[in-house]
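Data first, discussion second: the structure below is written as structure tokens.
Keep in mind that what you see is a predicted model, and the values were worked out from it rather than measured. Reckoned from all heavy atoms, side chains included, excluding hydrogens, waters and symmetry mates. We number each residue from 1, following the sequence as shown.
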Amino acid sequence: MDIVILWTLGMWVVQLLLEWIVYRVQGRRMTWIQSILPCLTLLGGAGVIMISIDIGGWNGIGYALLGAALGTSGLLTLITVAITALVLRRRGKDI
């Protein structure tokens, strides 16, 4: 179970790095794409879980854990982006 937690945290770090790159490329402004990417990751995790149901057995359980980790990292990224947007808005920066 520790590997699932580490995998989730690793995917979260990669997504935050991608969000930061998009933020820098867009000229230090929050854009709609930074809200869409975590949603797509969350949907991807749900899709992997649904596919794992069809697979069944031990392999299906492994894919379900992978989908749960992917969905969790997407949700964590979405929460982080929302908090960042809120903080930037309160500071009066252009978002």
Practice task
Just grab all the side-chain hydrogen bond (donor to acceptor under 3.5 Å, both in side chains) pairs involving residues 4-13, residues at least two apart or on different chains.
Solution key: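 Of all non-adjacent pairs touching residues 4-13, none passes side-chain hydrogen bond (donor to acceptor under 3.5 Å, both in side chains).
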Handout entry: Pairs touching residues 37-46 that satisfy side-chain hydrogen bond (donor to acceptor under 3.5 Å, both in side chains), sequence neighbours left out
Key = none
Problem - I5 with L76, same ILVMFWY side-chain cluster at under 4.5 Å - result: yes
Exercise for the section: Consider only side-chain heavy atoms of I, L, V, M, F, W and Y, link residues closer than 4.5 Å, and tell whether L40 and L78 are in one cluster. Expected result: no
Problem - Residues clustering with I21 (ILVMFWY side chains joined when closer than 4.5 Å, directly or via others) - result: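 Members other than I21 - counting any ILVMFWY side chain reachable under 4.5 Å - are L17, W20, V25.
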Problem - Members besides L75 in its Ile/Leu/Val/Met/Phe/Trp/Tyr cluster (side-chain heavy atoms under 4.5 Å) - result: L42, I79, I83, V87
Handout entry: Candidates T77, I33, V14 - the one meeting side-chain contact (heavy atoms from CB on, under 4.5 Å) with E19
Key =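 Looking at T77, I33, V14, the match for E19 under the side-chain contact (heavy atoms from CB on, under 4.5 Å) is T77.
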Problem - Distance (rounded to the nearest 0.5 Å) between L6 CG and M11 CE - result: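 CE of M11 is found 11.0 Å from CG of L6.
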Handout entry: Distance, nearest 0.5 Å, that separates CG of L16 from OG1 of T84
Key =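 Separation between the atoms: 8.0 Å.
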Exercise for the section: Go through the structure and list residues passing side-chain contact (heavy atoms from CB on, under 4.5 Å) with L43, not counting sequence neighbours. Expected result: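 side-chain contact (heavy atoms from CB on, under 4.5 Å) list for L43, sorted by chain: empty.
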For residues 54-72, run the donor-acceptor check on the side chains, cut-off 3.5 Å, and write out each pair with its distance to 0.1 Å, sequence neighbours left out.
from: T72; atom 1: OG1; to: A68; atom 2: O; distance (Å): 2.7

Practice task
Taking atom types as modelled, find out whether S73 and Q15 have a side-chain donor-acceptor pair closer than 3.5 angstrom.
Solution key: yes
Practice task
Evaluate the side-chain proximity of S35 to M30: yes if any heavy-atom separation is below 4.5 Å, no if none is.
Solution key: no
Exercise for the section: Identify the two heavy atoms, one from Q34 and one from Y23, that lie closest to each other, and give their separation to 0.1 Å. Expected result: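 In terms of heavy atoms, the two residues are closest at NE2-CB, 3.3 Å.
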